[in-house]
Amino acid sequence: RVGHKSMKRIRDPIYGYISLDDKVIKIVDNPFFQRLRYIKQNGLAYLVFPSATHTRFEHSLGAFHVASMMVEKVKGNIDKELIKKVALLHDIGHMPFSHTFEQALEILKEMDKDKYNDLIKNIIGPRQAAKFHEHMGVYIIKNCMGLDDGTSIAEKMADIYINKQAKIEASIVSSTLDADRLDFLQRDSYYF
């Protein structure tokens, strides 16, 4: 049918079914997004809490779902589809063991300052206002994923996380009560 969007649904233990259109499925099918299936949401916590095995993949889908509900309530002029994609990709820059890896960067800094500086220069550049995984996320989206709208997503993510310029959008994906936090609080409480 003309104008018909096909939708896929993914079953989630928190929200029931999460609906994804073809453009979002293309992102989810990307190998960089698929690798989030193997990164635990809470680092090594599953060793102490055996049922806390949820991943950045599940959490990213949940943040996308929450952001999708939030953008429908916004009265301002924002690109709703873009913000939902930023929410979906907000953790794409995470490395194994999530935030624990970022702390390991401090060890690299002490062990080999030249390698550390090369890494920081190539990924982060002169602005270091955000966390490493946020800078890495912008870099991956812009340079590695091959998305049709990757540049716009990366630029919006940089505006929100690094440049701190997108106020309305930031309230949805990076604030005290954002889609990220609303999902991980529910998800963590479910699994813990």
- request: Find out whether L177 and L182 are in side-chain contact, i.e. whether some heavy atom of one side chain is under 4.5 Å from a heavy atom of the other.
  value: yes
- line: Value for NZ (K84) from CD1 (I27), rounded to nearest 0.5 Å, stands at 11.0 Å
- line: Closest heavy-atom pair, G62 versus D183, reported as atoms and distance to 0.1 Å, is CA-OD1, 3.3 Å
statement: In short, M136 meets G93 closest at the heavy-atom pair CG-O, 3.6 Å
- prompt: Angle class for the Y191/H54 ring planes (parallel below 30°, perpendicular above 60°, tilted otherwise)?
  reply: parallel
- prompt: Is the shortest heavy-atom distance from the side chain of F32 to the side chain of I141 under 4.5 Å?
  reply: no
- request: Among Ile, Leu, Val, Met, Phe, Trp and Tyr joined by side-chain contacts under 4.5 Å, find the other residues sharing a cluster with F184 and list them by chain and number.
  value: L185
message: Strictly distance-based, threshold 3.5 Å: is any side-chain N or O of K113 a donor or acceptor partner for the main-chain N or O of E110?
response: no
query: Roughly how far, to the nearest 0.5 Å, is the CG atom of D21 from the NZ atom of K8?
result: 11.5 Å
message: By the definition side-chain contact (heavy atoms from CB on, under 4.5 Å), identify the one residue from T55, D188, T53 that meets it with Q41.
response: D188
- prompt: Where is the tightest heavy-atom contact between A87 and V173, given as atom of each residue plus distance?
  reply: CB-CG1, 3.6 Å
message: Please verify the inter-ring angle class for H133 with H94; under 30° counts as parallel, over 60° as perpendicular, anything in between as tilted.
response: parallel
message: Looking at every non-hydrogen atom in both residues, tell me the closest pair between K80 and V74 and how far apart they are.
response: NZ-O, 4.0 Å
S68 (side chain) donor-acceptor with F64 (main chain) under 3.5 angstrom: yes
message: Restricting to non-hydrogen atoms, name the atom on A67 and the atom on A179 that form the minimum distance, rounded to 0.1 Å.
response: N-CB, 3.6 Å
- request: State plainly whether one hydrophobic cluster holds both I25 and Y17, where clusters connect Ile, Leu, Val, Met, Phe, Trp and Tyr through side-chain heavy atoms under 4.5 angstrom apart.
  value: no
field: Pairwise side-chain contact, L88 with V28, heavy-atom cut-off 4.5 Å (strictly under)
entry: yes
message: Please find the pair of heavy atoms, one from Y15 and one from D12, that lie closest to each other, and give the distance.
response: N-OD2, 3.0 Å
- request: Please tell me if the side chains of D149 and E81 come closer than 4.5 Å, counting only heavy atoms from C-beta onward.
  value: no
- prompt: Do L89 and M145 come within less than 4.5 Å of each other through their side chains, counting heavy atoms only?
  reply: yes
message: Let me confirm one number: the CD-CG distance from E134 to D91, rounded to the nearest 0.5 Å.
response: 8.5 Å
task: Quick one: pull up CD1 in I83 and NE2 in H90 and give me the separation to the nearest 0.5 Å.
output: 13.5 Å
- prompt: Which value, rounded to the nearest 0.5 Å, describes the distance between I78 atom CD1 and S171 atom OG?
  reply: 7.5 Å
field: Min side-chain heavy-atom separation D180-H59 under 4.5 Å
entry: yes
Within residues 25-39 or reaching into it, pairs that qualify as side chain to side chain donor-acceptor pair (under 3.5 Å) - sequence neighbours excluded: K26-D148, Q34-R37
query: Around Y190, counting heavy atoms of other residues, nucleotides and ligands shown, do more than 12 lie under 6.0 Å from its OH?
result: no
Below 3.5 Å, can you tabulate the donor-acceptor pairs from side chains in residues 151-159 to any protein atom, sequence neighbours excluded?
residue, atom, partner, partner atom, Å
K156, NZ, E169, OE2, 3.2
D159, OD1, N163, ND2, 3.4

- prompt: Can you tell me how far NE2 of H65 sits from CG of L20, rounded to the nearest 0.5 angstrom?
  reply: 10.5 Å
